[in-house]
Amino acid sequence: MTEQEKMAAGLWFNPADKALAAQRQYAKALCVQMNQQGPLPFKAHQQQAGQLFGKLGSCYIEPNFFCDYGYNIELGKNFYANHHCVILDAAKVRIGDDVLLGPGVQIYTVTHPLDAAQRKTGLEKGLAVTIGNSVWVGGGAIILPGVSIGEGAVVAAGAVVTKDVPAYVVVAGNPAKVIKNLD
């Protein structure tokens, strides 16, 4: 099994693998290009984003945007990410339609071994993140590996989401907890 196949299967993989390193370098070059060009007409922005993401409905992403691979990110229609978004996509990141990310939102799929001796091996594992339709993630929020956020949910600014979020609720805090139902 290649390291990329291990990564895709959610197994421990070696990110120092030459093929994975080349893929990250390619994605980072596309991110630099997106970040340096400044505002583009919508169609040109979609073409550029289409080179980076695995699936693209439609989006507008403010600079600076960073990701690891890009091809693991699937965006629905009308996705918007404000400035300084980071998506570490060692596993799939599926984002639904009409999702808004505030400035400085970070989405992580990658995790490391808890055991210090195992961490020295450099191995990583990716756990998929899913964000449903019509979700709003406030500025500075962090979404941790393996989390799913239900449709219509709101993640408050600065929240650290460590567990799944039900649909139509507001979560806040560290760790994020439900503070309000949205009926």
Side-chain angles (χ1 to χ4, degrees), residues 2-35 48-56 59-76 79-96 99-114 118-132 135-149 153 155 157-165 171 174-176:
T2 68
E3 295 304 310
Q4 183 174 357
E5 289 169 336
K6 290 177 189 175
M7 182 177 79
L11 303 172
W12 294 105
F13 69 94
N14 183 353
D17 174 72
K18 288 181 182 181
L20 290 177
Q23 292 168 15
R24 285 193 308 276
Q25 185 177 16
Y26 175 74
K28 290 179 188 318
L30 290 174
C31 288
V32 167
Q33 185 180 26
M34 283 178 60
N35 293 334
Q48 199 172 55
Q51 294 176 20
L52 182 60
F53 301 123
K55 180 182 172 192
L56 177 65
C59 70
Y60 194 81
I61 300 172
E62 303 283 0
N64 286 322
F65 173 81
F66 302 98
C67 67
D68 281 337
Y69 298 93
Y71 60 76
N72 283 324
I73 300 171
E74 299 178 355
L75 301 178
F79 171 76
Y80 175 78
N82 211 320
H83 298 283
H84 304 293
C85 178
V86 174
I87 301 178
L88 302 182
D89 62 313
K92 289 287 185 192
V93 176
R94 294 177 182 93
I95 299 176
V99 172
L100 304 172
L101 302 184
V105 168
Q106 299 176 47
I107 300 171
Y108 307 147
T109 65
V110 69
T111 188
H112 305 278
L114 294 178
Q118 288 178 325
R119 268 195 312 277
K120 289 180 185 179
T121 67
L123 295 178
E124 298 178 349
K125 181 176 11 177
L127 302 171
V129 170
T130 301
I131 299 175
V135 170
W136 173 26
V137 181
I142 299 172
I143 313 298
L144 293 184
V147 167
S148 291
I149 299 175
V155 176
V160 178
V161 182
T162 62
K163 295 181 181 174
D164 290 353
V165 174
V171 296
N174 180 4

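No hydrogens, no waters, no symmetry mates; every other heavy atom, side chains included, goes into these values.
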*Where the side chain of T109 meets the backbone of A90, is there a donor-acceptor pair that is under 3.5 Å apart?*
yes
*Validation row: I73, F79 side chains within 4.5 angstrom (heavy atoms)*: no
Scan the side chains in residues 62-70 for donor-acceptor partners under 3.5 Å anywhere in the protein, sequence neighbours excluded, and list what turns up.
| residue | atom | partner | partner atom | Å |
| --- | --- | --- | --- | --- |
| E62 | OE2 | Y80 | OH | 3.0 |
| D68 | OD1 | K28 | NZ | 3.2 |
| Y69 | OH | R24 | NH1 | 2.9 |

*Closest heavy-atom contact between C85 and I87?*
SG-CG1, 4.0 Å
*asked:* Let's go through K6 and W12 carefully: what are the C-alpha distance in whole Å and the side-chain angles of both, what is the deciding distance for side-chain contact (heavy atoms from CB on, under 4.5 Å) to 0.1 Å, and is it a yes or a no?
replied: CA-CA 7 Å; K6 290 177 189 175; W12 294 105; over 6 Å; no
*Kindly indicate, with the supporting measurements, whether the criterion side-chain contact (heavy atoms from CB on, under 4.5 Å) is fulfilled by I142 and V105.*
CA-CA 6 Å; I142 299 172; V105 168; over 6 Å; no
*asked:* Checking Q4 against D17 for the side-chain contact (heavy atoms from CB on, under 4.5 Å) test, could you report, in this order, the C-alpha distance in whole Å, the side-chain angles of both residues, the deciding distance, and whether it holds?
replied: CA-CA 9 Å; Q4 183 174 357; D17 174 72; 5.8 Å; no
_Heavy-atom pair with the smallest gap, counting every atom of L56 and C59_ = CD1-SG, 3.6 Å
*asked:* Testing the basics here: between N72 and M7, what is the closest heavy-atom pair and its distance to 0.1 Å?
replied: ND2-CE, 3.9 Å
_On a heavy-atom basis, which atom in N14 and which in L20 lie closest, and how many Å separate them?_
O-CD1, 3.7 Å
*asked:* Could you go through L144 and V160, starting from their C-alpha distance and side-chain angles, then the distance that decides it, and tell me whether this counts as side-chain contact (heavy atoms from CB on, under 4.5 Å)?
replied: CA-CA 7 Å; L144 293 184; V160 178; 4.2 Å; yes
*asked:* Looking at D164 and V147, would you say the former's side chain and the latter's main chain have a donor-acceptor pair under 3.5 Å?
replied: no
_Quick check against the 3.5 Å criterion: does R119 have a side-chain atom that pairs as donor or acceptor with the backbone of L114?_
yes
*Donor-acceptor under 3.5 Å (T111 side chain, K125 main chain)*: no
*asked:* If I take atom CD from residue Q48 and atom SG from residue C31, how far apart are they, to the nearest 0.5 angstrom?
replied: 9.5 Å
*Can you see which heavy atom on G146 is nearest to which on V129, and at what distance?*
N-CG2, 4.0 Å
*asked:* Can you tell me how far apart CG (N174) and OG1 (T162) are? Round to the nearest 0.5 Å.
replied: 8.0 Å
*Mind checking the CD1-OG1 spacing from I149 to T130? Nearest 0.5 Å is all I need.*
9.5 Å
*Roughly how far, to the nearest 0.5 Å, is the CG atom of L52 from the CD atom of Q33?*
10.0 Å
*For D89 and A91, indicate whether the former's side chain and the latter's backbone hold a donor-acceptor pair under 3.5 Å.*
no
*Does CD in E5 sit with more than 12 non-hydrogen atoms of other residues, nucleotides or ligands closer than 6.0 Å?*
yes
*Any idea which heavy atoms bring V110 and P145 closest together, and the distance?*
O-CG, 3.4 Å
_Tell me every residue that passes side-chain hydrogen bond (donor to acceptor under 3.5 Å, both in side chains) with K92, counting only those two or more places apart in sequence or in another chain._
E74
*Look at atom CH2 of W136 and say whether more than 12 heavy atoms of other residues, nucleotides or ligands are closer to it than 6.0 Å.*
no
